[in-house]
Amino acid sequence: MMTRVVHVDIAHAPYDILIGRDLLSQAEKISGLLPQSRVAIVTNTTIAPLYLAGLVESLQAQGIQCQQIILPDGEKYKTWESLNLIMDALLTERAERKTTLIALGGGVIGDMTGFAAAIYQRGVPFIQIPTTLLAQVDSSVGGKTAINHPLGKNMIGAFYQPRLVLADLDSLSTLPDREFSAGMAEVIKYGLIDDPDFLLWLEDNIDGIMAREEQLLAEAIERCCQNKARIVAADEKETGQRALLNLGHTFGHAIEAGLGYGAWLHGEAVAAGMVLAAYASQAIGHLSAQDVERVIVLLQKARLPVVSPALGGERYKALMAQDKKVDAGRIKFILLRQLGEAYIGELPESAIDAALLAGCEAAR
Ligand code: NAD
Ligand code: GLY
């Protein structure tokens, strides 16, 4: 399989995303970008036994010295404490300003390593090697880095771009089905927000993608990365259209927080959240019932939840009021004018109530 290349054209920090097979053993793709022959690889206890040795071997064959930092696995470890473990390890080994951090893992490792790179010695180079579908299509691209705080998810972080993203399709072979489906929520999101052709393509090919057919998977990841690259190049710091990438996330974050982080995966909450956003868009006269059904059917074929938990209207609204997109106290929603055209807007309370009534468990 040919390696596909997507360029992210951010003026002050351009970089490539490479999508292909066996990339973890091709350290020559990395070595030319390093300011010194030294890296620190950050990963976790699940991914290390699967992929760390192969990556280290291929880097060492290029004469690159590798420090290995292995963190506990899980969203609950996306914390100050884990960030501090990275800092302790880097300082203990006297990592330098030119030492490159490599994130080997899903979005949790990518977000934390990126933030560590942004602040260690006021900024060191970093490379993303995403190993989940969600990370390959979304979190590894665009430079959002963060840790969680007990009072809010991703509340402490920085915009800090990687120098390279290596999306190795082979690493997806060990990804559990539930995690694969969670990544599909973000894939479907790109079709809904501004790429109706991609949405049609997904509807035609969803069964093959769910069977992880290699060419279809490569095509899907490339198209998602092209969309994300275009959006972040136009609006790196989310002053405008980048917020469209949060379709389903305002409702989704409320589901995650309301159920307790970890009960539902992020992608699962985004899937149910996109259904709520579709119902809300129907309530204000943009989508038809058939449009909403198309969204539901596609998500169901990706084996994602489409019915939201019954947290209660007041609880949903309180949780959504804590979202990062709240502006001067007003909740900004990502809504659909039609399938494949999202916009940022506000919702009358009656539309929120209608969406929750249609999309939550108790209503069924
Ligand atoms: P994750 O990083 O927790 O990975 C999911 C699970 O899969 C973990 O247990 C992980 O160890 C395991 N895993 C990873 N790769 C594997 C592989 N190849 N084989 C077997 N197991 C593997 O979760 P995620 O879904 O990748 O990322 C979610 C995180 O990403 C959240 O913290 C979210 O806030 C963040 N996120 C960030 C952005 C961004 O723009 N920065 C965008 C979306 C999501
Ligand atoms: N995942 C949303 C963003 O990168 O902006």
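Read the numbers this way: they start at 1 and go in the same order the structure lists the ligands and their atoms.
Looking at D111 and K144, no side-chain N of the basic residue comes within less than 4.0 Å of a carboxylate O on the acidic one, giving no salt bridge. Remark: K332 engages E346 in a salt bridge, criterion side-chain N to carboxylate O under 4.0 Å. R230 and D194 are joined by a salt bridge, as a carboxylate oxygen and a charged side-chain nitrogen come within less than 4.0 angstrom of each other.
Residues R163 and P35 form a side-chain contact, since some pair of their non-hydrogen atoms from C-beta on lies under 4.5 Å apart. Contact of the F115 side chain with the L83 side chain is registered, since non-hydrogen atoms from C-beta on lie closer than 4.5 Å. In this structure, the side chains of L259 and L311 come closer than 4.5 Å at one or more pairs of heavy atoms.
The neighbour count for F198 CZ, taken as heavy atoms of other residues, nucleotides or ligands under 6.0 Å away, is above 12.
Within 4.0 Å of ligand 2, protein heavy atoms belong to D138, K144, K228, E238, R242, L245, N246, listed by chain and number.
The backbone N or O of V165 sits nowhere less than 3.5 Å from a side-chain atom of Q128 that would complete a donor-acceptor pair.
Here the closest heavy-atom approach between residue Q136 and residue A167 is recorded as CD-CB, 3.8 Å.
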Where does ligand 1 get N/O contacts under 3.5 Å from the protein, atom by atom?
from: ligand 1; atom 1: 2 (O); to: G107; atom 2: N; distance (Å): 3.1
from: ligand 1; atom 1: 2 (O); to: V108; atom 2: N; distance (Å): 3.0
from: ligand 1; atom 1: 9 (O); to: D73; atom 2: OD1; distance (Å): 3.1
from: ligand 1; atom 1: 9 (O); to: D73; atom 2: OD2; distance (Å): 2.7
from: ligand 1; atom 1: 11 (O); to: N44; atom 2: ND2; distance (Å): 3.0
from: ligand 1; atom 1: 11 (O); to: D73; atom 2: OD1; distance (Å): 3.1
from: ligand 1; atom 1: 11 (O); to: D73; atom 2: OD2; distance (Å): 2.9
from: ligand 1; atom 1: 15 (N); to: T131; atom 2: O; distance (Å): 3.3
from: ligand 1; atom 1: 15 (N); to: T131; atom 2: OG1; distance (Å): 2.7
from: ligand 1; atom 1: 18 (N); to: T131; atom 2: O; distance (Å): 3.0
from: ligand 1; atom 1: 18 (N); to: S171; atom 2: O; distance (Å): 2.8
from: ligand 1; atom 1: 18 (N); to: T174; atom 2: OG1; distance (Å): 3.4
from: ligand 1; atom 1: 19 (N); to: T174; atom 2: O; distance (Å): 3.4
from: ligand 1; atom 1: 19 (N); to: T174; atom 2: OG1; distance (Å): 2.7
from: ligand 1; atom 1: 26 (O); to: G107; atom 2: N; distance (Å): 2.7
from: ligand 1; atom 1: 26 (O); to: T132; atom 2: OG1; distance (Å): 2.6
from: ligand 1; atom 1: 27 (O); to: G107; atom 2: N; distance (Å): 3.2
from: ligand 1; atom 1: 32 (O); to: E75; atom 2: OE1; distance (Å): 2.7
from: ligand 1; atom 1: 32 (O); to: E75; atom 2: OE2; distance (Å): 3.2
from: ligand 1; atom 1: 32 (O); to: K78; atom 2: NZ; distance (Å): 2.7
from: ligand 1; atom 1: 34 (O); to: K78; atom 2: NZ; distance (Å): 3.2
from: ligand 1; atom 1: 34 (O); to: K153; atom 2: NZ; distance (Å): 2.9
from: ligand 1; atom 1: 34 (O); to: N154; atom 2: ND2; distance (Å): 3.1
from: ligand 1; atom 1: 41 (N); to: D111; atom 2: OD1; distance (Å): 3.0
from: ligand 1; atom 1: 41 (N); to: K144; atom 2: O; distance (Å): 2.9

